[in-house]
Amino acid sequence: MIVSPSVLSLDYSRFPQQIDELNKSGAQWLHFDVMDGHFVPNLTFGPDILKAFVRTSPLYKDVHLMVTDPAFFADVFLKAGADLVTFHYEAMDNKAKMKELAAHIHEAGGKAGIAIKPATDAAVLKDLLKDFDLFLVMSVNPGFGGQKFMPLALDKIHTLRTWLNDVNPDALVEVDGGINAQTGAQCAQAGVDVLVAGSYVFKNDITTAVRSLQK
Ligand SMILES: O=C(CO)[C@@H](O)[C@H](O)COP(=O)(O)O
Ligand SMILES: [Fe+2]
């Protein structure tokens with residue numbers, strides 16, 4: 001299981017200690033929630049914050065764009081050091097543009113992911129399965145950390161993992177929102193590959209929480 005702690009919940013007044021703990025925790029990825037105040041009613045990081053993590057952590061940089069202009073911000077965050085850029089299905093109005101942006105991310109040397117909100121059916125992704133490296137199932141409405149896990153994500157994880165096993169077995173399924181040891185185990189059972197966890201990791205001992213998700 002890949003664990004991707006969401007640095008939205010990190011205590012920035014203790015950045016050096018927290019990054020040191022994350023680096024030693026056994027987590028493989030770090031998750032960056034980029035919110036623009038338009039696609040979601042909240043504002044978070046620009047690229048300079050990602051650059052600070054690139055300088056201080058070898059972990060894989062998993063960037064989750066919650067923005068209305070993913071094509072613009074994909075380039076901004078790739079240049080800042082993102083390894084994977086995931087944008088929302090709901091932020092674009094046609095699939096040709098989504099495929100084009102995935103190809104552009106690949107040309108820039110990154111991996112491409114696509115995310116769906118809780119209200120979006122997994123079926124919309126059926127003709128995009130070969131174009132992306134990662135499929136992100138949101139288990140809360142995007143915008144804020146600390147919300148309750150929505151069990152409707154479990155069916156979507158199972159469905160996507162089953163479809164991908166046939167046509168793109170190397171692609172990953174990621175879940176994000178309300179993940180703790182219990183909901184993480186339910187998602188693992190449904191076939192998820194990557195668990196994002198924010199408040200659960202940072203409100204507890206970081207290493208203990210990460211290890212409990214890897215079990
Ligand atoms: O994308 C988001 C929220 O929009 C997430 O990545 C949250 O940061 C997860 O936080 P928790 O639900 O784990 O506290
Ligand atoms: Fe996220």
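Quick note: residue numbers are just sequence positions, from 1. Every value quoted in this text rests on a predicted model; they were computed, and no experiment measured them.
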S.K.: Evaluate L101 against M92 for side chain to side chain contact (heavy atoms under 4.5 Å, CB included), listing each step before the verdict.
M.R.: CA-CA 10 Å; L101 182 52; M92 288 192 126; 4.0 Å; yes
S.K.: Any chance you could lay out the side-chain hydrogen bond (donor to acceptor under 3.5 Å, both in side chains) test for T162 and N165, step after step, and finish with the verdict?
M.R.: CA-CA 5 Å; T162 307; N165 287 347; 5.6 Å; no
S.K.: About how many Å separate CE of M66 and NE2 of H64, when rounded to the nearest 0.5 Å?
M.R.: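 Here the interatomic distance stands at 4.0 Å.
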S.K.: Would you say the side-chain atoms of Q214 pair up with the backbone N or O of G26, donor to acceptor, closer than 3.5 Å?
M.R.: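 The answer is yes, because a donor-acceptor pair under 3.5 Å joins these two groups.
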S.K.: Could you grab the distance from atom CD1 of I116 to atom CG of D121, nearest 0.5 Å is fine?
M.R.: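 So the CD1 of I116 and the CG of D121 are separated by 7.5 Å.
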S.K.: Just by distance, do the side chain of K130 and the backbone of L128 share a donor-acceptor pair under 3.5 Å?
M.R.: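 Not confirmed, K130 side chain does not pair with L128 backbone.
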S.K.: What do the steps show when you test S6 against F202 for side chain to side chain contact (heavy atoms under 4.5 Å, CB included), and what is the final call?
M.R.: CA-CA 9 Å; S6 168; F202 292 98; 5.7 Å; no
S.K.: Checking side-chain hydrogen bond (donor to acceptor under 3.5 Å, both in side chains) for the pair D33/H31: CA distance, chi angles, key distance, verdict?
M.R.: CA-CA 7 Å; D33 287 311; H31 183 87; 2.9 Å; yes
S.K.: Could you report the tightest heavy-atom contact between L8 and G145, atom names first, then the distance?
M.R.: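 The answer is CD2-N, 3.8 Å.
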S.K.: Verify the ring-centre separation between F77 and F45: is it less than 6.0 angstrom?
M.R.: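 No, they do not, as the ring centres are separated by 6.0 Å or more.
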S.K.: Answer whether the closest heavy-atom distance between the side chains of V196 and E174 falls below 4.5 Å.
M.R.: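 Counting from C-beta outward, V196 and E174 do come under 4.5 Å.
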S.K.: Does NZ belonging to K24 count more than 12 external heavy atoms closer than 6.0 Å?
M.R.: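 No, not enclosed.
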S.K.: Looking at S4 and L195, would you say the former's side chain and the latter's main chain have a donor-acceptor pair under 3.5 Å?
M.R.: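 Side chain of S4 to backbone of L195: no pair is present.
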S.K.: For L129 and N168, work out which heavy atoms get closest and say how close.
M.R.: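 In terms of heavy atoms, the two residues are closest at O-ND2, 2.8 Å.
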S.K.: Should the pair D131-K99 be classified as a salt bridge under the 4.0 Å nitrogen-to-oxygen rule?
M.R.: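 Between K99 and D131 there is a salt bridge, with a charged N closer than 4.0 Å to a carboxylate O.
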S.K.: K79 and D75: salt bridge (Lys or Arg N to Asp or Glu O under 4.0 Å), yes or no, with the steps?
M.R.: CA-CA 6 Å; K79 282 193 190 111; D75 275 336; 5.3 Å; no
S.K.: Sub-3.5 Å donor-acceptor pair from the side chain of N23 to the main-chain atoms of T56, do we have one?
M.R.: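 Looks like yes, one N/O pair under 3.5 Å.
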S.K.: Step by step, would you call F144 with N42 a side chain to side chain contact (heavy atoms under 4.5 Å, CB included)?
M.R.: CA-CA 7 Å; F144 300 92; N42 198 3; 3.5 Å; yes
S.K.: Does any donor atom in the side chain of D62 or T86 lie under 3.5 Å from an acceptor atom in the other side chain?
M.R.: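 There is no such pair between these side chains.
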S.K.: Do S9 and Y200 pair up side chain to side chain, a donor and an acceptor below 3.5 Å, judged on atom types alone?
M.R.: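 No, because no side-chain N or O of S9 sits under 3.5 Å from a partner of the opposite role on Y200.
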S.K.: Does P118 reach the side chain of P142, with side-chain heavy atoms less than 4.5 Å apart?
M.R.: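 P118 vs P142: side chains touch.
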S.K.: Could you report the tightest heavy-atom contact between K156 and T120, atom names first, then the distance?
M.R.: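 Heavy atoms only, the tightest pair is NZ-O, 2.7 Å.
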S.K.: Would you name the heavy atoms of A171 and F135 that are closest together and state the gap between them?
M.R.: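 Closest pair (atom of A171, atom of F135, distance): CB-CE1, 4.1 Å.
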S.K.: Would you say Q28's side chain and V3's backbone share a donor-acceptor pair under 3.5 angstrom?
M.R.: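 Yes, because the side chain of Q28 sits within donor-acceptor range (under 3.5 Å) of the backbone of V3.
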S.K.: Closest heavy-atom contact between N204 and A209?
M.R.: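 Taking N204 first and A209 second, the nearest heavy atoms are CB-CB, 4.3 Å.
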S.K.: How are the rings of H88 and F39 set to each other: parallel, tilted or perpendicular (split at 30° and 60°)?
M.R.: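 Rings of H88 and F39: tilted, 30 to 60°.
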S.K.: Does the side chain of L30 reach to within under 4.5 Å of the side chain of Y60, using non-hydrogen atoms?
M.R.: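 No, their side chains stay 4.5 Å or more apart.
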S.K.: State whether the side chain of Q147 and the backbone N or O of N141 hold a donor-acceptor pair below 3.5 Å, judged by distance alone.
M.R.: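 Yes: the side chain of Q147 pairs with the backbone of N141.
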S.K.: Donor-acceptor pair, distance only, cut-off 3.5 Å: does the side chain of S57 make one with the backbone of F53?
M.R.: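 It does not hold such a pair.
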S.K.: Verify, without hydrogens or angle tests, whether S25 (side chain) and I206 (backbone) share a donor-acceptor contact under 3.5 angstrom.
M.R.: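 Judged by distance alone, no pair lies under 3.5 Å.
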S.K.: Atom CE of M1 and atom CG of D193: how far apart are they, to the nearest 0.5 Å?
M.R.: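 These two atoms lie 7.5 Å from each other.
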S.K.: Below 4.0 angstrom, N of the basic side chain to O of the carboxylate: do D127 and K95 qualify?
M.R.: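 Between K95 and D127 there is a salt bridge, with a charged N closer than 4.0 Å to a carboxylate O.
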S.K.: Can F132 and F87 be said to form a ring-ring contact (aromatic ring centres under 6.0 Å, His included), step by step?
M.R.: CA-CA 11 Å; F132 289 87; F87 61 87; 5.7 Å; yes
S.K.: For H106 and D133, does a side-chain donor sit closer than 3.5 Å to a side-chain acceptor?
M.R.: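 Yes - a donor-acceptor pair under 3.5 Å links their side chains.
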S.K.: I'd like to know whether CD of Q189 has more than 12 heavy-atom contacts from other residues, nucleotides or ligands below 6.0 angstrom.
M.R.: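 No.
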S.K.: L78 and I105: side chain to side chain contact (heavy atoms under 4.5 Å, CB included), yes or no, with the steps?
M.R.: CA-CA 8 Å; L78 283 165; I105 293 169; 4.2 Å; yes
S.K.: Return the NE2 to CG distance between H158 and L160, rounded to the nearest 0.5 Å.
M.R.: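 Reported to 0.5 Å precision, the distance equals 10.5 Å.
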S.K.: Rounded to the nearest 0.5 Å, what separates atom OG1 in T44 from atom CG in D36?
M.R.: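 Nearest 0.5 Å value for the OG1-CG distance: 8.5 Å.
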S.K.: Let me confirm one number: the CG-NE2 distance from L43 to H38, rounded to the nearest 0.5 Å.
M.R.: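 Those atoms lie 8.5 Å apart.
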